[in-house]
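Below, each value reflects all heavy atoms present in this structure, side chains not excepted, and no hydrogens, waters or symmetry copies.
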Amino acid sequence: MKKVLIIISILLLAGVGYFTYEKWVKHANITAWSFIPSDAAMVLEAEVVKDLNTLKHYPIWSIINQSSAFDGFNQGLTFLDSINGEGGFSAIFETAPVLTSIHKVGSDNLDFLFVVELQNISQNTFVNATIGRLQKKGFRFKSRNYNDFKISEISSEGKTLTFIFYKNFFLASFTPYLVEDAVRAVSDSEIISFKEKFNQLINPGSEGLASIYVNYDKTGDLLGSFISKGQEIPIVAGNYELLIDSSFLQLSGFSHATNNEWLATHKEQPATFDMAEIIPEKTSYMLHITSLYMKGWKDHQIDHIRKNGTIKKLQDSLKASYDFNADQVFDLVDNEIGIVTLESPRLTDLRKMMILEVNDMEESLDFFSQLTQRIALSRGDTVYTESYSDNEIRFLPIKDFPSTILGAMGTGFNQCFYISYRNYLIFSNDLLELKTLISSVEDEDTWGKSIQMNNFLSRTNNAANVSLFVNIPRAWTTILDNLIPQWEDHFKSNSSTYRSIDLAAFQYSYIDGKYFTNYTISQPQKKTKSIPKTNPENGVRFIGKLTTKPFLVRTHAHKEFDIIVQDSTNTIYYLDRNQNALWSEDIEKPIVSNIFPIDYYKNGKIQYLLATAEKVFILDRTGAPIPGYPKVLPKEAQIQHLNLIDYDRSRNYRLAITDVDGNVFLTDKDLKILDGWNPRKLNRPAYQPLDHSRLGRRDVMISTHENGVIHLMNRRGDPLGGFPFDTKQSLSRNYFLRQSNALGNSSITVITTGGELIELTLEGGVIKRDQLLKTSVDTRFKLIPDTSDDSFIIIRNEGNTYEVLDDTGNMLFKKDYLSEGPILIQYYQFGAGKDLVIFTDKQNNVLYIYDKSGNLITGNPLNSAHEVSLIYSSAKKEFQVFTTWGSNLELYTFNY
C-alpha cells in the first residue's frame, strides 16, 4: 500500500510539474519570435508604422508601393486603421516593435503574418475595444478556439483578417492558417519556431531602419511565384541590417552557406575589384570572383565542378585528346575572374566574356598558344590570329572553354576568341565584341571611366569573394524573360518604376565560417522630365542658310564633340563644344559625304576627311588643308559617296569613293587607286557609300542599289560566292548587317519598297523572304538601322501616315503628319531602354522625338530642317540634340 501511495504521489507530482511547465514555465519565456513559424521565407523586424512612413520619403517607396506583392502588407495596416478610425491604428502602434513574416500561400501568391508586442495601455485598449467598434460599424465578427487559443476573424467586403490576442501579443494575417501555424509554433513542443531553427542568426545591429532575416530555402520557393525557372540558392540563412539614403538601399549582415554548394568553395580572403577599367559600359550583368590565394580556392573549385558529369566528361576528353589539364589554368590566375554578359537587342544573341587577371602574361599566352597549336595539329587546321588596333586576337578552338574551370556559369561560349590587355586575358564568344571592347577601352567607355559606376562602386564592398553586379535597365529584357507571364505583364506595365533602379550588387566575403554580405541597390532621385528649350546661349545664327546637319566630330584636344556645319555659300564652319566658331573655310561646293575624323600622320592628332562632288578634302583642326589636298579623282568623276575604311583599326586608311554612275574607286589615304578598283563598275548608282566589314578572316565590301541588286566583294573587288544577288525588286535605301564570326553565320537584311523583308547569308543563301502587310498599293516601306548598327526598325508609309514596326514587322506605333514634303527618319539605340525614333518634317522645319512606344518625349516639337545629331550622357542621364534650320544651329538638352 505504501509503495502504491508513493507511485501515486510521484505521478501526481509529475502531473503537477508538467502542468506547471506547460502553463507557466514554457509560456513564460514567450517572445514575439516564438510565434514565427519555421517555414517563413523572410522576417522583418521593425517599428513598422514609423519605418514605413520613413520609407515614403525615399525613391524606393515607388517600387514597394507599386508591387502587388506588397498589397497584403499595405491592406493589413489599412484594414486595422479603418477599424479604429482613419489613422487610429497607425497613431497608437507607431513605435511598436513588429515582426512581419512572409510566406508562400499558393502557387503564385504570398502573404504576411504580423506579430506585435503590446507595450502600453493604449495598445491594449485598442485591441480590447476592437469587437465593440466592429459591431457598431457593421463589421462581421466571429471567434473560435484552436489549441486553447481564441482566434477571431473580422470580415468586410470580401476581406477577412484573422487575429489573436494572447497575453501581451497581437497576431494577425489575411491567411487564416498562418495564424494557426503561429499558434502551433508556440503551443506544440515538437514544432520549432523560425528563431529556433536558425539560431545561428545574430541580430545584425540597430543602426539601420530595420532587420531582415532570410530563410533561403523558402525564399527560393517564394521566387518560384515570380520567375519561370527554378532557382537554387547556395545559402541556408542570412540576417541583415537595412540602411537607406536618398539614392541607395543596402542590406548588410551575414549569410550562412549551404555545405557542398558553390559559395562554400570560397574560404580564402578576398581581393579588391580592379578590373573595372576594362568592363564595357554596355554590360548587363557581371559575376566577379576574387581570392588573395587563388590556388587555395582552386582545390575546392575543382572538386565542386567535377561533380557535374558533363563538365568532368569535357575535362577528361580535352586531357585525353590534347593533353590539356584545365586545372592548370588556375595556376595562371592572379586574384580576379570575371564573367560578363553584354546587353543585346535580342535575347537569342548571347554576348559573353570571361576575364582572367594573370600573374605572368608571357607565360599565359605561351600556355594557350601551345594548346592551340596542339589542337590545330591534331585536327589538321591552321592557327587563327588577327591584328586589330595594335592587339592580336587569337582563336581557342574549345567550345565552352570557360566552363572547364567555372562549371555551368562558364557556358554560352560556342566559339572562344581571346586577347591580352595589360595583365588581363579576355575571352569572348563573339569576335566583334572583342573589337568593340578594344574601342571601348580606347574611347574610355568603361566602368572605370564612368562617373555613375564609380559612384555606385564606392558604396559597395571593394573586396568580396563573389560579386554579382547588375545594370537593371540593360538587363531588362533578360529579367522579363525569366518572369512568369503574370509578373512579366506587371513589370511591363510598371516598367518606368522598376527601371528607376539602375544598378544592383550582391556580394559575399568569407569571414570565420560565414559570409559577410552586402546587397546594394542604386535608385537615384528621378529627374523631373524636362521640356527642351533653346536660348541665345544654346544657339548660333549664321549669315547664310545652313544646308547640312550638324556634324559632331571628335578631336584630340578633348573627349567631347566639336561641330561642323555648312551654309548656302558653301562655307564650312568649325565650332568648339561651347559653340564658339574657331574657323571657316570656303570649299566651293556642297558637302556630299559624312565628315570623318582621321589620324592621317598616326601621331594622335586628328584631321577631318570630307568630299564635295569634285574634290576630296583633308583639313586639320585649324581649317587648313594638309599638304597635297584637296585632291580630285582621275577622269573627273563626279563623287556621289565617300567612306573611310580602316580594316583593322591600324590607321592604314582606305578611301571608298562612288561616283554618280555607280563606279567604285578604292584608294589609299593619298588617293592612289588600288588594284581592282580603277574603277569597279557596278553599272547603277549606289544607295550607300561602299562599306566594309571584317568577319573572321574575311573582308567584305558591300554595296546596294535601287534596282534591287546587292553586291558583296572581297578587298580586290571580286564578287563573293552567291553575289551579286538580284532581288528583282526596287529596294529601300538602307540595309542591316548582322555580323558574326564567319560569312555563313552573318546575314544582310534589306526591304523592298513594296514590303518584302529579305535576309541573306553572306554566302548568298536565302534565310527568309517575308511579305509584310500592305494596306494599299501605294504603301511604301523603309528600313532604318540604328546609329550603332545593332538593330533596325521598319517604316510603313501610306500618304501622310507613318507606322513604325520592329525588326520582325510588329507595329510599335503610328503617326500622321500634315506635310507634303519629305519626312526624314532616324533611329538611335543607346541601350538601357533609351531608344529614340526621330522624325524631321523638312517642309515645316519641325522635329519630333519619340520613344519606342510613340510618346513624344520632348513635350513639344522642336525646330529642324535636316537630320539631327544626338548624344546621350549616361552619367547625367541627359540627351543633347543638335539641329539646323534656316540660319540657325540650335542645341536642345532634355531628359526622360
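No side-chain N or O of Ser853 forms a donor-acceptor pair with one of Asn855 less than 3.5 Å apart. A donor-acceptor pair shorter than 3.5 Å cannot be found between the side chains of Glu820 and Gln843. Counting only N and O atoms by type, the side chains of Ser703 and His705 include a donor and acceptor under 3.5 Å apart.
Within 6.0 Å of the OH atom in Tyr285, the count of heavy atoms belonging to other residues, nucleotides or ligands does not exceed 12. Atom CD1 of Ile451 has 12 or fewer heavy atoms from other residues, nucleotides or ligands within 6.0 Å. The environment of Arg698 atom CZ is sparse: at most 12 non-hydrogen atoms of other residues, nucleotides or ligands sit within 6.0 angstrom. Counting non-hydrogen atoms of neighbouring residues, nucleotides and ligands closer than 6.0 angstrom, the NZ atom of Lys834 exceeds 12 such neighbours. Heavy atoms of other residues, nucleotides or ligands lying less than 6.0 angstrom from CZ of Arg780 number more than 12. Counting non-hydrogen atoms of other residues, nucleotides and ligands closer than 6.0 Å to CD of Glu706 gives a total of 12 or fewer.
Closest of all the heavy-atom pairs between Phe781 and Ile751 is CB-CD1, 3.8 Å. Ile563 approaches Pro550 most closely through the heavy-atom pair CG2-CB, 4.2 Å. Shown here for Asn863 and Thr883, the closest heavy-atom pair between the two residues is O-OG1, 2.9 Å. Across all their heavy atoms, Asp770 and Lys768 have their closest contact at OD2-CD, 3.4 Å. Nearest approach of Leu690 to Asn643, heavy atoms of both residues: O-ND2, 2.9 Å. Considering every non-hydrogen atom in both Asp726 and Asn707, the closest pair reads OD1-O, 4.1 Å.
Using a 4.5 Å heavy-atom threshold, the side chains of Ile339 and Met286 count as separate. You'll find the side chain of Leu483 stays beyond 4.5 Å of the side chain of Asp489, heavy atoms only. Looking at Ile795 and Ile825, their side chains come closer than 4.5 Å, going by heavy atoms from C-beta outward. Ile823 places none of its side-chain heavy atoms less than 4.5 Å from the side chain of Lys842. Looking at heavy atoms from C-beta onward, Gln523 lies out of side-chain contact with Leu503 at the 4.5 angstrom threshold. Side-chain contact between Val565 and Phe551 is absent, with no heavy atoms from C-beta onward closer than 4.5 Å. Side-chain contact between Arg738 and Glu759 is present, with at least one heavy-atom pair separated by less than 4.5 Å. Side-chain contact between Leu287 and Phe506: absent, with no pair of heavy atoms (C-beta onward) separated by less than 4.5 Å.
In this structure Phe417 satisfies the ring-ring contact (aromatic ring centres under 6.0 Å, His included) test together with Tyr384, Phe395, sequence neighbours excluded.
Taking CG of Leu546 as the start and CD of Glu890 as the end, the distance is 10.0 Å to the nearest 0.5 Å. With rounding to the nearest 0.5 Å, the separation of OH in Tyr802 from NZ in Lys815 is 14.5 Å. Atom CD1 in Ile849 sits 12.0 Å away from atom CG in Asn860 (nearest 0.5 Å). Considering CG of Asn482 and CG of Leu223, their distance stands at 11.0 Å, rounded to 0.5 Å. Taken to the nearest 0.5 Å, the NZ atom of Lys435 stands 10.0 Å off from the CG atom of Asp430. For the atom pair CG (Asp851) and OG1 (Thr858), the distance works out to 10.5 Å, reported to the nearest 0.5 Å.
Ring centroids of Tyr817 and Tyr848 are separated by less than 6.0 Å, placing the two rings close together. Aromatic ring centroids of His490 and Tyr498 lie under 6.0 Å apart. In this structure, Phe813 has its ring center under 6.0 Å from that of Tyr850.
Remark: the backbone N or O of Leu783 is paired with a side-chain donor or acceptor of Asn734 at under 3.5 angstrom. Using modelled atom types, one side-chain atom of Ser593 and one backbone atom of Ala611 make a donor-acceptor pair closer than 3.5 Å. Asp841 places no side-chain N or O within donor-acceptor distance of the main-chain N or O of Val846, the cut-off being under 3.5 Å. Side-chain atoms of Asn797 come within 3.5 Å of backbone atoms of Thr801 as a donor-acceptor pair (strictly under, hydrogens ignored). Proximity of a side-chain donor or acceptor of Asp400 to a complementary backbone N or O of Phe413 within less than 3.5 Å is detected. Formation of a donor-acceptor pair under 3.5 Å by the Arg796 side chain with backbone atoms of Leu773 is found in this model. At distances below 3.5 Å, not a single donor-acceptor pair connects side-chain atoms of Asn745 with backbone N or O atoms of Ser740. Thr436 contributes a side-chain N or O that, together with a main-chain N or O of Leu432, makes up a donor-acceptor pair within less than 3.5 Å. Remark: the backbone N or O of Lys352 is paired with a side-chain donor or acceptor of Ser428 at under 3.5 angstrom. Under a 3.5 Å cut-off, the side chain of Thr283 and the backbone N or O of Ile279 do not form any donor-acceptor pair.
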Evaluation steps, side-chain contact (heavy atoms from CB on, under 4.5 Å), between Val766 and Phe725 | CA-CA 10 Å; Val766 177; Phe725 186 94; 4.0 Å; yes
With side-chain hydrogen bond (donor to acceptor under 3.5 Å, both in side chains) as the test, would you mind laying out the steps for Asp786 and Ser791 before giving the verdict?
-> CA-CA 6 Å; Asp786 81 278; Ser791 186; 5.3 Å; no
Kindly determine whether Val881 and Leu891 satisfy side-chain contact (heavy atoms from CB on, under 4.5 Å), including the steps that lead there.
-> CA-CA 6 Å; Val881 57; Leu891 165 62; over 6 Å; no
Would Ser284 and Glu343 count as a side-chain hydrogen bond (donor to acceptor under 3.5 Å, both in side chains) if you check the C-alpha gap in whole Å, the side-chain angles of each, and the deciding distance to 0.1 Å?
-> CA-CA 5 Å; Ser284 291; Glu343 182 181 17; 5.4 Å; no
Derivation and outcome, ring-ring contact (aromatic ring centres under 6.0 Å, His included), residues Phe830 and Tyr828 | CA-CA 6 Å; Phe830 294 100; Tyr828 281 84; 5.7 Å; yes
Using the side-chain contact (heavy atoms from CB on, under 4.5 Å) rule, take Phe792 and Thr749 through it: C-alpha gap first, then chi angles, then the decisive distance, then the call.
-> CA-CA 10 Å; Phe792 65 91; Thr749 300; 4.0 Å; yes
Give the C-alpha distance, both sets of side-chain angles, the deciding distance and a yes or no for side-chain hydrogen bond (donor to acceptor under 3.5 Å, both in side chains) between Ser746 and Gln739.
-> CA-CA 5 Å; Ser746 303; Gln739 300 183 59; over 6 Å; no
Evaluate the side-chain hydrogen bond (donor to acceptor under 3.5 Å, both in side chains) criterion for residues Asp778 and Ser776: first the C-alpha distance (whole Å), next the side-chain angles of each, then the deciding distance (0.1 Å), finally the verdict.
-> CA-CA 5 Å; Asp778 297 323; Ser776 78; 4.5 Å; no
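Taking the six-membered ring for Trp and thresholds of 30 and 60 degrees, Tyr872 and Phe879 have ring planes inclined between 30 and 60 degrees apart.
With salt bridges taken as basic N to acidic carboxylate O contacts below 4.0 Å, one links Asp349 and Arg351. Taking 4.0 Å as the cut-off between side-chain N and carboxylate O, Glu433 and Lys282 count as a salt-bridged pair.
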